[in-house]
Participant: 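Next up is a structure, given as structure tokens.
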Amino acid sequence: MDECVRLEDVGKQFDGQWVFRHVSLTLPQRQTTAIVGESGCGKTTLLQLINGVVSVDEGVLSVLNAPIPETGLPAFRRKIGYAVQGAGLFPHMTVQQNVDLMARLEGWPESKIRNRVRRLFELMGLDSALGTRYPYQLSGGQQQRVGLCRAMMLEPPLLLLDEPFSAIDPITREEIYGHFEVLQQQESVSALLVTHDLREAVRLAQFLVFMGSGQILQHGETATVIESPASESIRRLIETQL
Amino acid sequence: MDECVRLEDVGKQFDGQWVFRHVSLTLPQRQTTAIVGESGCGKTTLLQLINGVVSVDEGVLSVLNAPIPETGLPAFRRKIGYAVQGAGLFPHMTVQQNVDLMARLEGWPESKIRNRVRRLFELMGLDSALGTRYPYQLSGGQQQRVGLCRAMMLEPPLLLLDEPFSAIDPITREEIYGHFEVLQQQESVSALLVTHDLREAVRLAQFLVFMGSGQILQHGETATVIESPASESIRRLIETQL
Amino acid sequence: MKRLVVTLALFGWLPLNAGEPIVVASKNFTESYLLGEIIAQRLEQAGMEVDRRFGLGGTLICFEALLAGEIDVYVEYSGTLERTILKLGQRTSILELNERLLSRGLSLLSPLGFNNTYAIAVRKEVAEEFSLERISQLTDYRDLRVVVSHEFLEREDGWPGMRRVYGFDWIPEGIEHGLAYQAMADGSIDITDAYSTDGELQRYDLTVLADDKAFFPTYLAMPLIRDDLSPRAQAAIEDLAGTLDDSSMASLNASVVFEGADFASAATNHLRSIGFDVADGRSNTFDDLIRNTQRHLWLTAIALLTATVVGIVLALAVFQVTWISNAVLYVAGLLQTIPSIALLALMIPIFGIGMLPAVVALFLYSLLPIVRNSVTALVTVDPVLRRVGKAMGLTRYDELRYVYVPLAMPAILAGVRTAAVISIGTATLAAFIGAGGLGDPIVTGLALNDTSLILQGAIPAAVLAIATELMFEGIERVLVPRHLKVLEQPR
Amino acid sequence: MKRLVVTLALFGWLPLNAGEPIVVASKNFTESYLLGEIIAQRLEQAGMEVDRRFGLGGTLICFEALLAGEIDVYVEYSGTLERTILKLGQRTSILELNERLLSRGLSLLSPLGFNNTYAIAVRKEVAEEFSLERISQLTDYRDLRVVVSHEFLEREDGWPGMRRVYGFDWIPEGIEHGLAYQAMADGSIDITDAYSTDGELQRYDLTVLADDKAFFPTYLAMPLIRDDLSPRAQAAIEDLAGTLDDSSMASLNASVVFEGADFASAATNHLRSIGFDVADGRSNTFDDLIRNTQRHLWLTAIALLTATVVGIVLALAVFQVTWISNAVLYVAGLLQTIPSIALLALMIPIFGIGMLPAVVALFLYSLLPIVRNSVTALVTVDPVLRRVGKAMGLTRYDELRYVYVPLAMPAILAGVRTAAVISIGTATLAAFIGAGGLGDPIVTGLALNDTSLILQGAIPAAVLAIATELMFEGIERVLVPRHLKVLEQPR
Ligand SMILES: Nc1ncnc2c1ncn2[C@@H]1O[C@H](COP(=O)(O)OP(=O)(O)OP(=O)(O)O)[C@@H](O)[C@H]1O
Ligand SMILES: Nc1ncnc2c1ncn2[C@@H]1O[C@H](COP(=O)(O)OP(=O)(O)OP(=O)(O)O)[C@@H](O)[C@H]1O
Ligand SMILES: [Mg+2]
Ligand SMILES: [Mg+2]
């Protein structure tokens, strides 16, 4: 199986304190890997490393079969759709502008942009009338879904999703799950999904990573992990949450 | 049973469009009421109405046994702890300053402030070393918990919690649930909890509100609602989520 | 930039060729003002538009301004051209002067008629009594009381030379020039030296003796023009050739100095007397006002536009490296501490006079507020959004364009607005270096203590400031993202 | 504010009582400069510190400045006090003058000796030939050629009065005053009027006749002081009483006007000649520099502090109502469009001369950048955070203090920094209204075309600008919230 992201012995510190060290992890291509873990254990940091927004302090990192390039980072990043935690929409752009900015910069024809935006809005259950609003005029869940649209706009081969459904109600979320699965097959994307919802992880991901503070506790195919948890605490978590 | 918040036929519009109309609702004192509903149906708006940050366009609203005062809004609001969706921490203040600002303005003695902050940090599973950091140096879940601490700092009789646990991992969340229940008994607060997690709602709330777009679908004691859902969609929701 | 120039020209702000007014200048003494005004009125009567730039500070400033194309015509004297400007030997023919000027793109028109040189003046009674008409006759009348100015007594082109040429063997006493006329008037002196167009010759009724041995150098007054001046304008000025002899120039001077006539009406009277049907007076205050305001607007607009572009680009280039942006701010600050008059004075050796140095000075003054506000605003853009921009794959340029600049826009515009208002204020000082604008009436008014003149500058400047504010409000409405304009007032 | 004043005083910026220098002023003509310099050097020799404020623009400016406590002493003439200042009848006694001055907190010291009034001057040979000593003798020598200035011929305290008092029955011819001396020199005139301390009396060796019928009003020169001047200083000045008679004053004037001596060394020579052992020359350039810089700093610091406080408070008061904040910005902009010289001139009738009007003008100029930046920054504070502040229960005041101001701080400081640098530049113009500072050497240097003098002002001003920038960087380090200083550079 092809690999999409590989970390070998990676470490990252802030202000001299290690967030994690010796993290080794391989994400398979065209599969979704879910990361579940304690708040503050470094999940967001991990996504930022893969995207190249923060740099690795230790170890080797390869993304899309190459180390993170020294030059041409913008082009590299456009192949990675990143839905940031908490939406992170540009307040000075309308919803439409937030979503289609990158496509315009890529020079997509107008019709292609329109179709893609319409499609994404439908998938996310967003009213197309929201397109002309500014982010501050949206509810939290609407903002989060706009952020998702923005991440997926360029049809990137790799998606980094940081708690992307946390502010969305269960019914809408269920719909999006369905669309997401279809999308994954059609567009054959690889995805890395950070979530606190174990049911969501099991539902969407073929692979599952349990992260503890500063290290990886367990990593494997979802079914395997669920059946044989590596530790008591993981077992308890699986029992209470599923 | 005393009532804590009462809405009669309340309506609110943005730019001429009604978010909801004819909403009538009574929240009992010293109980937790959970609101569950579609993203964008107006939950956050409802909390803001109760807090007086946005004004009612229609109907009658009474909070803590009085209409929202014309003058003295600050004093009124200090009796309401509001954990805003997405934390909303002040970026220019440290975590400590964010949490204890209101207590200082209220003139609390230093020792009382210190004790309260320490207690809240413990309840929320936050490392006390985080106190000197700025919000941008925290993970999403940490920020959310700091926002909760800030809301609860003044021991307000009424808590408005807007998806307060959405970015927190299940284990930490479970701990906080426990503390929350104890707290509610000890400090006898009333709480209004917006959540997308039905299990959370059932776990914490004595009363349950289902909100649809523009109206209230069902409202009652949690057990009653779970047992006899008012509509097919609520029934399905309960079935899939619990 | 080309498009900008054309646009501005359409609004009449830029002196492009089409319909461009003819710039008539003068030096800062009475005769020169009068000659300038006569030419200006003649051109206007011939249907052309004129821009008056009178009172420039001296021969060299006029000449340089003409070379630089800042002005189109002023009246110069042949002797001054010969000695002071072209530094040639004496008695250079006008043809030769013209040749040398032609090679520099200038051209002399025909002399106006009079020759403003030294002259020997005799009390009228005395001249009549002895039928004195020519200087050479003086040898026969030794007992006339000749008293000349100290300067004349000593200059080689004064008494010493004259004595040799005319063969006088006595040395007269010296006197203060200003006093000589009065001494002539009260009869204590019979003969003295004078300038041939002095108004005093008329006032004290003196007779000027002919320089029959052609000793005195000639200072013929001639319009000096740029040779790209339109043939129509040249012809109109040429019509004035020979219309002003020494005595009519002297009486024109006298009418201003002794009778308190203003330049404009004196010039009008003269032109009518020689058959040009010019309109009444001049003093179309409203036209002045419009022209000054346009010039002012143009000065500040150019300076501000350049400063805005340079300032923002500079800020974008340096804001990410603290020490470089500090260095830029220090330099901009140092420029700001140079007092405006000193800065304008410093500009002259580098940029000459006129609009260019004024625009440069205004540009330098405008930089600081723009650069500082831009740097501050760019540096304080929310770090979260900066990171999001990077993460999305924006290039360096696109980050600036789509994230930094729009988010910093309100503060950048605030800097530009401050700079605009400061420029409008400082531009009034540009009048000192002949750049015109609303400073013209203010400076003249301050000198003459003429409040209405001061207000002619001050009120339009104030109106301009307000208009600028309104314009920027419009710009802000377009450029500032809507979410920043939500000043909703939650209770 | 009290604490601030004390702090500044500790740094020697504020002229508080202790160790405060004595401010010696002069009017703007030679004799007054000399007298000011003599008093200044006498005080310095007596061990006191002196601040020279020479060349103030006229009698009223000096007198008002003294009343206002801006200066401590200058030399005034009894006749001027009587007529121009106090507007009393003629021949008021010095005692009476002093009484009236005392009630206004001023006091006259004893006359320096000379009487600068009209005088009748005779050519020395003539005086000797006829033993002329007193004016009354003139009746006996009618054939002497008396020619007086036109002004003297017509003034009531000139010839007409003198004629009545002395009984002269003839009317002399009139002459230009400047010419009279030369006419005397070449012997064409024997007698004319003069001022009794004119340097020309020495230069042309003229004898002054005694006014033996005491016709001419007295213009005795007397140090005019504030009566709170320290007894020690008063005593030191009083030592100069009677040490300068008409002829020594005249020769002092002559040494400056005709021999090119500078005021300082002329004063030194005089003081030595009357037995005061003063140090050599004056011209401690370094002290000057320090004093000018201190003064400059003080001017800008006061203006800037006030403008900062007023500007920010104003911005906080108005920013939430768009039309009011626009109106405030318009007014501030209009103030900015008034050219600095005109603004300073406008200040004089309102605030007199000295530091106050300068500070007011600088204050007005500083307002715009501060108010505009503050308003812009306050208006653009993130609406989400504003709402959170409300929701938490912050009062209006606490919202401003804990949310708006800290978030707007970088832009507010940028405005203050721009204002600071503009102030440092504009303050050089304050020299025009006697406020001192680094403009003093610049203005004098520009007038005298003395580059080293200009640099004595320009370089410290530049250093001041840099120092200010550095200081503000320190302030920013403290006041700007840390999260805004994260300029991390993600790749
Ligand atoms: N300032 C505004 N202008 C216009 N529409 C607004 C504004 N604020 C909110 N809305 C709209 O009002 C509706 C209710 O918003 P609200 O934030 O209350 O939803 P919510 O129930 O909290 O949703 P979520 O679960 O996604 O947070 C949404 O459809 C939203 O788009
Ligand atoms: N700029 C920073 N400076 C210092 N510490 C930081 C910084 N950013 C993050 N951290 C710390 O690094 C750790 C990992 O943060 P990260 O955001 O990756 O957590 P996370 O796993 O995404 O948590 P959550 O589930 O709460 O979002 C946290 O403990 C956080 O406090
Ligand atoms: Mg995270
Ligand atoms: Mg919400």
Side-chain angles (χ1 to χ4, degrees), chain A residues 14-15 17 19 35-45 84-88 124-127 129-130 133 136-145 162-163 165-174 176 194-201 210-213 233-234 236-238 240-242, chain B residues 14-15 17 19 35-45 84-88 124-127 129-130 133 136-145 162-163 165-174 176 194-201 210-213 233-234 236-238 240-242:
Chain A
F14 283 119
D15 304 330
Q17 264 192 307
V19 176
I35 303 185
V36 176
E38 203 181 317
S39 167
C41 71
K43 305 178 295 295
T44 300
T45 308
V84 258
Q85 194 173 9
M124 294 299 159
L126 288 170
D127 188 341
L130 296 187
R133 291 214 198 147
Y136 77 94
Q137 295 169 312
L138 300 186
S139 80
Q142 288 165 340
Q143 288 183 20
Q144 196 171 42
R145 284 176 279 165
D162 202 347
E163 306 183 20
F165 311 117
S166 63
I168 304 171
D169 64 284
I171 295 174
T172 313
R173 202 186 294 187
E174 191 59 41
I176 296 177
V194 172
T195 182
H196 290 306
D197 187 338
L198 200 56
R199 290 197 285 182
E200 179 174 289
F210 279 98
M211 243 178 123
S213 60
S233 65
I234 297 178
R236 233 192 359 258
L237 190 66
I238 293 172
T240 55
Q241 296 297 313
L242 290 182
Chain B
F14 284 118
D15 306 328
Q17 264 192 308
V19 177
I35 304 185
V36 176
E38 204 181 315
S39 168
C41 70
K43 305 180 294 296
T44 299
T45 307
V84 270
Q85 196 171 10
M124 294 300 161
L126 288 170
D127 188 340
L130 296 186
R133 291 213 198 148
Y136 77 94
Q137 295 168 314
L138 299 186
S139 79
Q142 288 165 341
Q143 288 182 21
Q144 196 170 42
R145 285 176 279 163
D162 201 347
E163 306 183 21
F165 311 116
S166 64
I168 303 172
D169 64 280
I171 296 176
T172 311
R173 202 185 294 187
E174 191 58 41
I176 296 177
V194 172
T195 182
H196 291 307
D197 187 338
L198 201 55
R199 288 195 289 179
E200 180 174 288
F210 279 98
M211 240 178 123
S213 59
S233 64
I234 296 178
R236 238 196 351 263
L237 190 68
I238 293 172
T240 55
Q241 295 297 314
L242 289 181

Participant: Taking side chain as everything from C-beta outward and backbone as N, CA, C, O, which of these in S139(A) sits under 4.5 Å from a heavy atom of chain B? Side chain, backbone, both or neither.
Facilitator: side chain
Participant: For T240(B), what residues pass the side-chain hydrogen bond (donor to acceptor under 3.5 Å, both in side chains) criterion, not counting sequence neighbours?
Facilitator: none
Participant: Heavy atoms only: give me the nearest Q137(A)-D15(B) pair and the separation to one decimal.
Facilitator: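 Nearest heavy atoms, Q137(A) then D15(B): NE2-OD2, 3.8 Å.
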Participant: Could you check which of S233(A), G140(A), A167(A) has the highest count of heavy-atom pairs closer than 4.5 Å to chain B?
Facilitator: A167(A)
Participant: Report the option among I168(B), T45(B), V36(B) that has the most heavy-atom pairs separated by less than 4.5 Å from atoms of chain A.
Facilitator: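 Option with the greatest count: I168(B).
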Participant: Highest number of heavy-atom pairs under 4.5 Å with chain A: which of T195(B), T172(B), D169(B)?
Facilitator: D169(B)
Participant: For S39(A), which of R145(B), Q143(B), Q142(B) qualifies under side chain to side chain donor-acceptor pair (under 3.5 Å)?
Facilitator: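 Answer after filtering R145(B), Q143(B), Q142(B): R145(B).
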Participant: Can you list the residues that meet the side-chain hydrogen bond (donor to acceptor under 3.5 Å, both in side chains) rule with Q85(B), with sequence neighbours excluded?
Facilitator: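 Only T44(B), E163(B) meet the side-chain hydrogen bond (donor to acceptor under 3.5 Å, both in side chains) criterion with Q85(B).
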Participant: Which residue in the set L198(A), L237(A), D197(A) passes side chain to side chain contact (heavy atoms under 4.5 Å, CB included) when paired with P170(B)?
Facilitator: L237(A)
Participant: Given the options R173(B), E38(B), R199(B), which has more heavy-atom pairs under 4.5 Å with chain A than any of the others?
Facilitator: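 That would be R199(B).
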